[in-house]
Novice: 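Structure incoming, see below.
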Amino acid sequence: MHHAATTPNAAAIPPQDPPTAKAASPAVRHHGWLADRWARCSGPHRERGMSTAEYAVGTIAACAFAALLFKVVSSPEVHEMLSKLIDKALNTAG
């Protein structure tokens, strides 16, 4: 369905038929893939690549937390407290 033309020369231009499904050549398919890839990389979703940097920062933070936790758990005070807790648990069960 075509609407009325708004320009004076539009009446001379015949309406176009809808595109038909044709087998595209490999070069056209590659160009279509490349254009699609470029649109996905340069559009509003281009920050998808930041997830790698976010994972790296998260991994470093997790390692720092693990080191801090190891330092706390391996301190003499915590070691003594855990030893007393285990001894108490074994003595009450026996």
Side-chain angles (χ1 to χ4, degrees):
M1 181 184 268
H2 295 283
H3 298 286
T6 57
T7 60
N9 293 336
I13 300 173
Q16 295 181 351
D17 292 331
T20 58
K22 295 180 183 176
S25 69
V28 171
R29 281 194 305 254
H30 177 71
H31 176 71
W33 173 85
L34 188 61
D36 182 51
R37 179 77 176 148
W38 179 256
R40 282 188 276 142
C41 291
S42 63
H45 302 291
R46 66 177 170 250
E47 292 193 20
R48 283 184 172 176
M50 293 299 291
S51 62
T52 303
E54 291 166 359
Y55 283 127
V57 170
T59 302
I60 291 170
C63 290
F65 182 71
L68 178 67
L69 189 60
F70 178 75
K71 235 5 185 176
V72 169
V73 171
S74 63
S75 69
E77 296 86 9
V78 174
H79 185 69
E80 184 180 338
M81 184 182 71
L82 288 174
S83 294
K84 287 180 182 178
L85 182 66
I86 292 171
D87 287 341
K88 186 178 175 183
L90 290 176
N91 287 335
T92 58

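Basis for what follows: all heavy atoms, side chains included, without hydrogens, waters or symmetry-related copies.
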Novice: Find out whether Ser83 and His79 are in side-chain contact, i.e. whether some heavy atom of one side chain is under 4.5 Å from a heavy atom of the other.
Specialist: yes

Novice: Once rounded to the nearest 0.5 Å, what's the spacing between atom CD of Glu77 and atom CE of Met81?
Specialist: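 Glu77 atom CD to Met81 atom CE measures 10.0 Å (nearest 0.5 Å).
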
Novice: According to a hydrophobic-cluster definition based on side-chain heavy atoms being under 4.5 Å apart (Ile, Leu, Val, Met, Phe, Trp, Tyr only), do Val72 and Leu82 belong together?
Specialist: yes

